[in-house]
Amino acid sequence: MTQIGIFFGTDSGTTRLIAKKLAKLLGAAAAKPVNINRCSADELLQYDALILGTPAYGIDELPGLNTRIAEPSWHEFMPQVAGRSLSGKRIALFGLGDQEKYPDRFAHSLIHLYRWAVAGGADVVGQWPQDGYQFEHSPALVDGRFVGLIIDQRSQSLLTDERLQRWVAQIAPALTAAAQPETL
Ligand SMILES: Cc1cc2nc3c(=O)[nH]c(=O)nc-3n(C[C@H](O)[C@H](O)[C@H](O)COP(=O)(O)O)c2cc1C
């Protein structure tokens, strides 16, 4: 696929909103964002460049019926792609959370997408600094950086658009190159 695939999970719609903002910033380079509960494994795996987003629900898990959200989500989707090779794919991750209400497990769900991507052999891009956030603990940190962009629409919504713009500038060259490799 010559476009960047964008897939998200959501309960109350915020992660969908962020996915749409990302698609708008990327323009023609990105496909229309798809809710993960409305796609097959093959639909996702057809892309060489991916942006995957999840909100944080539950404790140390991906959102889904297990975390009492209204519809199936990443938790139900992951078994379809667990163990599949992601070699040659470039993946950027974004996670939503609420640092004021959940400072002890801020944006934790994102780490599960990261571990799956790394285990499959993908090149994960778009790591993000923790400066500007206030929390006690986040499992989404590896080597002191978030494994992807973290958005907090509950307590820092005024920072969202600027964060999105900066992150897209950071990831767009790498994702576009993966989606449209030069032909020999
Ligand atoms: C029941 C519930 C549990 C949540 N648990 C966490 C959490 O553990 N960590 C966190 O950072 N945010 C947590 N949040 C905040 C959500 O991740 C955040 O509001 C997110 O933007 C929701 O995204 P959505 O509208 O796409 O579902 C929780 C929110 C609710 C309502």
Side-chain angles (χ1 to χ4, degrees), residues 4-26 30-39 43-44 47 50-81 91-117 124 126-168 171:
I4 300 164
I6 304 179
F7 296 85
F8 62 90
T10 188
D11 187 35
S12 45
T14 323
T15 314
R16 177 188 295 109
L17 172 80
I18 299 303
K20 283 186 175 175
K21 282 176 178 274
L22 286 168
K24 197 169 175 192
L25 286 168
L26 285 159
K32 194 175 167 216
V34 176
N35 190 322
I36 200 63
N37 69 15
R38 294 199 177 83
C39 86
E43 273 174 79
L44 183 143
Y47 291 94
L50 284 160
I51 297 177
L52 308 178
T54 185
Y57 287 107
I59 298 171
D60 192 27
E61 55 199 331
L62 277 166
L65 298 178
N66 55 315
T67 62
R68 298 187 188 160
I69 66 172
E71 295 182 0
S73 187
W74 283 109
H75 180 78
E76 287 74 18
F77 180 82
M78 286 315 275
Q80 299 176 52
V81 291
I91 300 180
L93 304 170
F94 70 98
L96 277 80
D98 181 343
Q99 64 203 289
E100 280 185 3
K101 203 162 174 192
Y102 304 93
D104 54 331
R105 54 174 199 267
F106 179 43
H108 63 85
S109 296
L110 195 61
I111 195 65
H112 298 288
L113 293 185
Y114 175 77
R115 287 191 190 132
W116 164 74
V124 179
Q127 285 80 4
W128 190 249
Q130 52 174 305
D131 314 334
Y133 302 86
Q134 286 192 316
F135 57 95
E136 291 156 22
H137 174 68
S138 175
L141 289 167
V142 170
D143 294 334
R145 293 170 59 111
F146 287 119
V147 296
L149 175 67
I150 301 297
I151 294 294
D152 184 341
Q153 282 295 88
R154 309 239 357 143
S155 40
Q156 289 187 331
S157 61
L158 292 179
L159 300 178
T160 293
D161 284 343
E162 191 258 340
R163 283 175 173 160
L164 290 172
Q165 282 164 19
R166 270 173 50 215
W167 192 60
V168 164
I171 62 171

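First listed ligand is number 1; within each ligand, the first listed atom is number 1. Bear in mind that the values here come from a model prediction, so they are computed numbers and not experimental data.
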message: With a 4.0 Å heavy-atom cut-off, what residues sit around ligand 1?
response: Thr10, Asp11, Ser12, Gly13, Thr14, Thr15, Pro55, Ala56, Tyr57, Gly58, Leu96, Gly97, Asp98, Tyr102, Arg105, Phe106, Ala107, His108, Arg154
query: Can you list the residues that meet the ring pair (Phe, Tyr, Trp, His ring centres under 6.0 Å) rule with Tyr47, with sequence neighbours excluded?
result: Phe7
- prompt: Given side chains that start at C-beta, do those of Asp98 and Glu100 come closer than 4.5 Å, heavy atoms only?
  reply: yes
- prompt: Is there a side-chain contact between Trp128 and Arg166 (heavy atoms, below 4.5 Å)?
  reply: yes
Tyr133 six-ring centre to Arg163 NZ/CZ under 6.0 Å and within 45° of normal: yes
When the side chains of residues 50-72 are checked against the rest of the protein, which donor-acceptor pairs come out under 3.5 Å, sequence neighbours left out?
{"residue": "Asp60", "atom": "OD1", "partner": "His112", "partner atom": "NE2", "Å": "3.2"}
{"residue": "Glu61", "atom": "OE1", "partner": "Asn66", "partner atom": "ND2", "Å": "3.0"}
{"residue": "Glu61", "atom": "OE2", "partner": "Ile59", "partner atom": "N", "Å": "3.2"}
{"residue": "Asn66", "atom": "OD1", "partner": "Gly64", "partner atom": "N", "Å": "3.3"}
{"residue": "Asn66", "atom": "ND2", "partner": "Leu62", "partner atom": "O", "Å": "3.3"}
{"residue": "Asn66", "atom": "ND2", "partner": "His75", "partner atom": "ND1", "Å": "3.3"}
{"residue": "Thr67", "atom": "OG1", "partner": "Gly64", "partner atom": "N", "Å": "3.1"}
{"residue": "Thr67", "atom": "OG1", "partner": "Gly64", "partner atom": "O", "Å": "2.9"}
{"residue": "Glu71", "atom": "OE1", "partner": "Asn37", "partner atom": "ND2", "Å": "2.8"}

query: Ser155: what forms a side-chain hydrogen bond (donor to acceptor under 3.5 Å, both in side chains) with it, not counting sequence neighbours?
result: Asp152
